[in-house]
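Working notes, structure below.
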Number of protein chains: 2
Amino acid sequence: MTASRKTRAARARELPGFKTSLPKTRRAQVAEILRKHVLSGKIEPGTQLIESRLSRSLGVSRSSIREAIWELVDQGLLVNRPYAGTFVVSLDEKAMCDLFALRGALERFCFTELWPRRNETFGAEFTNRHEALVAAVEAGDEDKTLAAELHFHSFPYQYADNQALREVWEQLYNRIQLGIAMTRGFTRGSEFVENNRRYLDAALGDDLEAMLREIDRHLQIGVDDVRDLMGADPRTGAQTGAGAAL
Amino acid sequence: MTASRKTRAARARELPGFKTSLPKTRRAQVAEILRKHVLSGKIEPGTQLIESRLSRSLGVSRSSIREAIWELVDQGLLVNRPYAGTFVVSLDEKAMCDLFALRGALERFCFTELWPRRNETFGAEFTNRHEALVAAVEAGDEDKTLAAELHFHSFPYQYADNQALREVWEQLYNRIQLGIAMTRGFTRGSEFVENNRRYLDAALGDDLEAMLREIDRHLQIGVDDVRDLMGADPRTGAQTGAGAAL
DNA sequence: CAGGATTTGTGCGTATGTATA
DNA sequence: ATATACATACGCACAAATCCT
């Protein structure tokens, strides 16, 4: 009764964690929050996302929570069993290898497409992003490194003149990130920077075939890392991969 | 058994037009209906899907309609502008060419993967699906032909041992079908059967490189058709493409 | 550019279906 | 088999934004 007196607008303005000035919908806001929690590993794979709990903890109605959850389901981060619930997907070694293999095909296609259109801007921006990656690594910031690595490797797709390819890449890297989140705790080896350096050099070079070989080599390193890390207990992040996972 | 009687009674009370025996959710049922209407062209590209209208016409609550709509949005069949509405996507020539180019990359990857694993079953099933396609063409059934063509070209992806690839293909062919729906009215040329025959023969042959070339050739025909049909007014389906669109 | 009509976005109560302990 | 927790479904009310006149 008295509670209902309080206007919805007022309640909305009070909600913690939400910028009221944003034109974004609640659905998008909640989806972003959930995506971060899933990708950062705060919500572990296999965990069920319970609408009523999330509704209370985030202070958002079940409707919005539900819509956000389905957005992540359609993105491949969650899986739904009708009338049973939605859970964070748990990727095994095979699934990760599949993702890397598919990414290889996409990336070879991507570079083949953009190769004749490269110009100074391409080289400058790609180099910029690589330098940002190096800076993040040297700062020892794990989260920033992950973001910078993503930003670096997303550039070819953004530069490619194919909207469908960009959309598939979006979906793909989300899942790859999820797999990486499952193997948290491993430290990037010193070869990590060098590997991405070789990748950049090949991308700026004049030999497309060499670039395609470099893509295969780069992703092979990622697959090897996955094999090492998935086989062992994720908690025992003792062994250090070469760190070219993304 | 009293419980089962009550359940049956409840199911008997359910809305007509829905198969009560299926455990499928309303979301899935509505999504399927809408998908059919969009892909068949009953709902033309650019049309806004109004939740309240669909709610009344289908006899389903607005919540379920909303969820189904968002499923199609995430599938790339609809596009949403916050607070403005969701509309059937309208693909232009460039978008279609992008889709075909991406499909080419996926299909080359697909065949490269499955090539060493082909066996008698592969050849038998692929041949079966091709014969079903030929039968549909000879029967003059447009809808059945489209379905058979899809079934035929989906087989390599189903045979490939890569779940991620299959999922991307699902999303891709939905959108390609949408593009085809936009160019309805054109009749498949006599070369259509022959083109798919060549495709099948290459897939059953021993030369992977020849198969990859065949993929490029096959999709190039599709792109040519799109260029012809998109440039002209879709209503004037006078000119007949070679008909290898899918 | 004002303002009303239309539609989407959000919240909430409630009833029912389903899975699971 | 029962009970419980949860997902799903429906209906309404209202807020927020867009669209149109």
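All figures in this text were calculated on a predicted structure; none of them were measured in a lab. So that the names make sense, note that chain A is the first sequence line, chain B the second, and so on, each numbered from 1. Basis for what follows: all heavy atoms, side chains included, without hydrogens, waters or symmetry-related copies.
- By the 4.5 Å heavy-atom criterion applied to side chains, A:Val168 and A:Gln171 are not counted as neighbours.
- Note on A:Glu51: a base of the nucleic acid sits closer than 4.0 angstrom, heavy atoms only.
- With contacts defined as side-chain heavy-atom distances shorter than 4.5 Å, the pair B:Gln75/A:Asp74 does not qualify.
- Closest to the B:Thr25 side chain, of the nucleotides D:dT8, C:dT10, C:dG11, is D:dT8.
- Between B:Arg81 and C:dT7 there is no side-chain polar atom (N or O) within less than 4.0 angstrom of OP1 or OP2.
- Closest to the side chain of B:Tyr83, from the set C:dA19, D:dG11, D:dT18, is D:dT18.
- Close to D:dA7, at under 4.0 Å from its OP1 or OP2, lies no side-chain N or O of A:Asn80.
- Looking at A:His153 and A:Arg103, their side chains come closer than 4.5 Å, going by heavy atoms from C-beta outward.
- Following rounding to the nearest Å, A:Arg26 (CZ) and D:dC14 (P) show an atom-to-atom distance of 18 Å.
- With respect to A:Arg62 and A:Glu51, no salt bridge is recorded, no charged nitrogen being found less than 4.0 Å from a carboxylate O.
- The stretch residues 62-72 of chain B comes close to DNA chain C through B:Arg62, B:Arg66, each having a heavy atom under 4.0 Å from the strand.
- Applying the 4.0 Å criterion to OP1 and OP2 of D:dA5, one finds that A:Gln48 has every side-chain N and O outside that range.
- Taking the screw axis at each terminus of the helix from C:dA2-D:dT21 to C:dA21-D:dT2 from five consecutive base pairs, the angle between the two is 20° to within rounding of 10 degrees.
- Here the nucleotide nearest the side chain of A:Ile50, chosen from D:dA7, D:dC10, D:dC19, is D:dA7.
- Residue-environment remark: NZ (A:Lys94) exceeds the threshold of 12 foreign heavy atoms within 6.0 Å.
- Here C:dT10 presents its P atom at 12 Å from NZ of A:Lys24, a figure rounded to the nearest Å.
- We find that A:Arg26 and A:Glu67 are not joined by a salt bridge, their nearest charged nitrogen and carboxylate oxygen being 4.0 Å or further apart.
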Step-by-step salt bridge (charged side-chain N to carboxylate O under 4.0 Å, His left out) determination, B:Glu125 to B:Arg129
CA-CA 6 Å; B:Glu125 177 63 17; B:Arg129 297 194 181 192; 2.7 Å; yes
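- Remark: the A:Glu167 side chain and the A:Gln163 side chain contain an N/O donor-acceptor pair separated by less than 3.5 Å.
- Relative orientation of the B:Phe126 and B:Phe111 rings is tilted, given thresholds of 30° and 60° on the angle between their planes.
- For the pair B:Arg27 CZ and D:dA9 P, the interatomic distance rounds to 9 Å; values are reported in whole Å.
- Whole-Å rounding puts the B:Leu58 CG to D:dC10 C1' distance at 15 Å.
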